[in-house]
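What follows is one structure encoded as structure tokens, with my remarks underneath.
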Amino acid sequence: MLKKILFALLGITLFFILAAMGISLLYKNEIKDLITKTANEKLQAQFQFEDASISLLRHFPSLSIEVEKSSIIGKNEFKNDTLSQIQKLTIQIAPLAYLLDYQIDIQDVMIEKAKLNLHILPNGKMNWDIYQAGPSESPQTKSNQNTRISLEHYQFIDADIHYTDEMRGFSTQLIQLNHEGSGDFSQDIFTLKTRTEVEKLSLEFLGKTYLSEVKSKLEAPIEMNFSKMEFAFKNNDLFLNDLPIHFDAWVAMPDTSIDMDIKFHALKSPLKDFLSLVPLLYQNSFQDLQASGDFALNGYAKGKMNDRSMPGFGMDLRISKGAFSYAKVPVGVKQMELDLHIDNPDGIPDHTLVDLKKLQLYMNKQPINASLFLKTPLSNPYLTASLKGVLNLGEIAKIIPQKNTQMSGTIQSDIQLDGYVKAFKQAQGKASGYFNAHQIQYTNSETNQDIRIQEATASINPKSLIIRNISAKLANTQFYASGSLQNYVLYFLKNDKITGNLILKSPLVDLNSLMGRRSRSSTTATEASAAADLQIPKNVDFTIQSNIDKLLFKDLVISQAAGKMRVADQILSLEGLSFQLANAAWKSKGSINLQESQNPLVQFAFSIQHLNIQEAHKYFSLVQKFAPIAAAAQGKVDVDFTYAGSLNSDLSPNIMSTTAVGNMDLVDFNLKNSASFNQLLSLTQWNQLKNLELKPTHLNFQIKQGRLQFKPFEVQTNLTKFHVNGSNGLDQSLAYTILMDIPAKSLQSGVAASLNQQLAKLNPNLNLEKIQQALKMQITVSGTVQKPEFKVNIINSQTTNSNASVTTQAKELVKQEAKQQINKQLDEAKAKAEVLKKEAEALSQKLRQEAYANADRLVEEAKNPFAKIAAQKIAERLKKEADRKADALLEEADQKAQELIEKARQN
């Protein structure tokens, strides 16, 4: 009996193993299609994943469902916006619970390496609002109505969450989030035990950063009440770096809104705990920092959050008798006093009030004092602020030591502002003071940053920040600047757009050192970061009149650069730019669009005078790719063209995206050093081509879809005339046809000489010189740049049979010449015949006229009737005789004409 039971259990186990294998292997594609189809029917987004599987073996007897590399991409306003990317999603279900008790028992949900991007637009539209209700379904059966769902445990492993609320000016980032929770979700009321750790927590509000990459930890039991959708946090401690913050919270979600009541505080805590939130301190030997003094923190968030409102909030922060320093550093910060009050009673962002009543500290006996009062920050900020003191960067470097970093120099300020920002724009209100910087030096050996400001002076008035002088050096780049900036208050308050007009002069701008490039041998990683290094802020609009003596970029040396630049909306526009490059004079206008930092777009018009062809090939990839023959060419060109395309990550042109249209004038051009030209010389056996000299030539071209196409053009030389048509491709393919007039008798050998010999054999009496004048040499170029293929033919300009043999061409030419001679003789005979006919017609006409006149005179002279009758008879006879002789003359002339023509035909 026991044996039968064991066999039965073994059979059942084997059945489940085979069933699991069958489900996973036989229905894998069907599972993937079903999940994708079902999800996309329910979502206003595109759901996709790489793989999915169902297994009873992985966590037997539980059913395990895995979905790998899934993503959700938005539509409409959020097109191409990735809402989520999840490396791996695992769901563990107890199947027997459903079979026995109609319960879907989810034992565990594990989400690994998730990246979530939550985004609210200024109009309140949320990118996660993607569920679309389907048509109403038929009433469920009783069994389905009684189905229950329970969840025991869930966890996020190494997740990144980015939340941006453009409507409220709020954003936060949670990097390397690990979170888990466990509880009986099948109950309406239970306690959810959670544990959360975030490696880097950042928080911004209205353009200002309040937390930056803070390490956070929270262990919180949450009282869950699903019947009322209320959740309570009681007596919880949140750790921000080393700072513990105690908080109580109540959250309810009765509908689409969220009601909350959150209170937090850290009363009479050591100052060092608060200083842990300062990244420079926390990341630099924080355990060795000595601090004294106290700080107190308390705050709240209370109210309703939905797509139209957010809760009220407030915070008070005080520091008294603060001081800190490192044990081995003689200087430090002392007598630190801070009193900050932030309040927003109803959650309307414009009702936010910031009152920094006092900020005071001493650095090595030098006082720094500041205050700030701000209200109505969105509609029309009212601001009262002051800042006075001297900041010694060398002392800061001692107080807050930073690895690989050196600082020195002083910054002195004394400013006061009081008034509404809109009034500032109208040059009203109170704004006065100055900033001075002297001998500033900042170097970082790790990032290769080297900033030196010899002198900088600026002053403010209500409307402008006036830069009187800046003399600075960034890496190898030395520059001098002056000008003015407008809307500077809102720029510093909430990162609003700042405008300005500047004058920039520089003896040297070294873009290679600014972007970390030293030479062509730079690492690929460094080159790949070049486009990212060339960034334009979104919130600036500067017009810059520049004059640069020398500019270095990659291997290019640009000199005498002058023109107007505008930096706005992440687009660098250039106008009236002139410079010297590759020993040529350039004029240009255009733009570089960096709105897509990974794929910058460029659009320019260039006018280039006397560009050396070999220099062009040496420095410009566009020439290297589309005109590689320039490497062996000599001479100069004048070029006018428009160019559009994108840039690669190293800021070189993306050749496949390039489109260009322009014209070119070849000046002093030759190909004597070209291997392809020498190969062609050998094929044609026209030695005089060695001395070929091109006269100035104008041609039109375009680059499109990876091909350089020339409009058919004519080239005049000292030897002959060339007609050229064709194109070459980025794939190095060649497709050209060259037709040239040749003095055939000047060819001592080769195809043309052979043709001359054939002509002489066929008919020595032919006019060979005349035939030779009608000859052309046709050259067809195909193959690739590395292996060009030439086909040379001597053709008659009146024929198109370029593939005929030399003998066949000779015979054809003899026939054509003979035919031309026969046609000439025939034309001459016809002309003579026509002359004979005209002479005979004139003579016959004269003969008739004289005979008729004599006959009429006889009749007229007769005196009597009988004499008149006799005279009439004689007159009729005279006329008939004249007609006969005239007709005979015409007949004889016509016969002689026919004989001339026939004789010409026979010859």
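Please read all numbers here as calculations on a predicted model, not as lab measurements. In what follows, every heavy atom counts, from backbone to side chain, and hydrogens, waters and symmetry copies are set aside.
Not a single donor-acceptor pair under 3.5 Å links the side chain of Asn476 to the backbone N or O of Leu508. With hydrogens and angles ignored, the 3.5 Å screen pairs a side-chain donor or acceptor of Thr477 with a backbone N or O of Asp510. At distances below 3.5 Å, at least one donor-acceptor pair connects side-chain atoms of Asn127 with backbone N or O atoms of His119. In this structure, the side chain of Asn648 engages the main chain of Pro653 through a donor-acceptor pair within 3.5 Å. Counting only distance, with no hydrogens or angles, the side chain of Ser513 and the backbone of Ala475 share no donor-acceptor pair below 3.5 Å. At distances below 3.5 Å, at least one donor-acceptor pair connects side-chain atoms of Asp638 with backbone N or O atoms of His610. For Gln624 (side chain) and His617 (main-chain N/O), a donor-acceptor pair under 3.5 Å exists by modelled atom type. Although no hydrogens or angles enter the test, the distance criterion places a donor-acceptor pair under 3.5 Å between the side chain of Asn117 and the main chain of Thr82.
Distance CG/Asn501 to CD/Gln545: 10.0 Å, rounded to 0.5 Å. Summarising the geometry, atom CG belonging to Leu734 is positioned 13.5 Å from atom NZ belonging to Lys787; distances are rounded to the nearest 0.5 Å. Atoms CZ and OG1, on Phe542 and Thr499 in that order, are 8.0 Å from each other to the nearest 0.5 Å. Rounding to the nearest 0.5 angstrom, the gap separating the CD atom in Gln705 from the CE atom in Met656 is 8.0 Å. Here the CG atom belonging to Leu594 is positioned 9.0 Å from the CD1 atom belonging to Ile571, to the nearest 0.5 angstrom. The structure places CG of Asn728 at 9.0 Å from CD of Gln709, a figure rounded to the nearest 0.5 Å.
The shortest distance between side-chain heavy atoms of Lys587 and Gln609 does not fall below 4.5 Å. Looking at Ile467 and Leu502, their side chains come closer than 4.5 Å, going by heavy atoms from C-beta outward. In this structure the side chain of Ile779 never reaches within 4.5 angstrom of the side chain of Tyr736, judged on heavy atoms. Contact check for Gln478 versus Gln454: side-chain heavy atoms found under the 4.5 Å cut-off. Between Phe713 and Thr697 there is a side-chain heavy-atom pair separated by less than 4.5 Å. Inter-residue side-chain proximity for Leu574 and Met565 is flagged as met; some heavy-atom pair is nearer than 4.5 Å. Within the 4.5 Å cutoff, the side chain of Val509 has no heavy atoms near those of the Phe553 side chain. Within the 4.5 Å cutoff, the side chain of Phe701 has heavy atoms near those of the Val639 side chain.
Residues Val623 and Ala616 come closest through the heavy atom pair CB-O, 3.8 Å. For the pair Glu615 and Asn612, the tightest heavy-atom approach, listed with the atom from each and the gap, is N-OD1, 3.1 Å. Across all their heavy atoms, Arg707 and Asp731 have their closest contact at NH1-OD1, 4.1 Å. Nearest heavy atoms, Phe604 versus Gly590: CD2-CA, 3.5 Å. Closest non-hydrogen pair, Tyr480 versus Ser471, comes out as CE2-OG, 3.3 Å. Closest of all the heavy-atom pairs between Ala584 and Ile608 is CB-CG2, 4.0 Å.
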Inset, instruction - Could you please spell out the steps behind the side chain to side chain contact (heavy atoms under 4.5 Å, CB included) verdict for Ile703 and Phe626? - result: CA-CA 9 Å; Ile703 298 174; Phe626 284 111; 3.6 Å; yes
Inset, instruction - Carefully, step by step, assess Asn469 and Ser482 under the rule side chain to side chain donor-acceptor pair (under 3.5 Å). - result: CA-CA 5 Å; Asn469 172 55; Ser482 60; over 6 Å; no
Inset, instruction - Report the C-alpha separation of Ile73 and Gln48 in whole Å, then their side-chain angles, then the decisive distance to 0.1 Å, and conclude whether the side chain to side chain contact (heavy atoms under 4.5 Å, CB included) test is met. - result: CA-CA 9 Å; Ile73 300 174; Gln48 57 189 17; 4.0 Å; yes
Inset, instruction - With side chain to side chain contact (heavy atoms under 4.5 Å, CB included) as the test, would you mind laying out the steps for Lys425 and Leu490 before giving the verdict? - result: CA-CA 10 Å; Lys425 291 182 177 182; Leu490 276 180; 4.2 Å; yes
Inset, instruction - Could you check Lys505 against Asp549 for salt bridge (charged side-chain N to carboxylate O under 4.0 Å, His left out), going step by step and ending with a plain yes or no? - result: CA-CA 8 Å; Lys505 296 181 180 180; Asp549 294 339; over 6 Å; no
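The aromatic rings of Phe579 and Trp586 sit parallel to each other, their planes meeting at less than 30°, with 60° as the upper class boundary.
Residue-environment remark: CG (Leu556) exceeds the threshold of 12 foreign heavy atoms within 6.0 Å.
Looking at Thr543, Leu577, Ile544 one by one, the single match for side chain to side chain contact (heavy atoms under 4.5 Å, CB included) with Lys564 turns out to be Thr543. Considering Phe641, Phe620, Tyr643 in turn, Phe641 is the only one that fulfils the ring-ring contact (aromatic ring centres under 6.0 Å, His included) rule with Phe606.
Taking the charged nitrogens against the carboxylate oxygens, Arg566 and Asp541 do have a contact shorter than 4.0 Å, which makes a salt bridge. Between Lys497 and Asp569, at least one side-chain N (NZ, or NE/NH1/NH2) sits under 4.0 Å from a carboxylate O, which counts as a salt bridge.
Using modelled atom types, one finds a donor on one side chain and an acceptor on the other under 3.5 Å when comparing Asp640 with Ser607. Donor-acceptor pairing under 3.5 Å is recorded for the side chains of Gln486 and Ser464.
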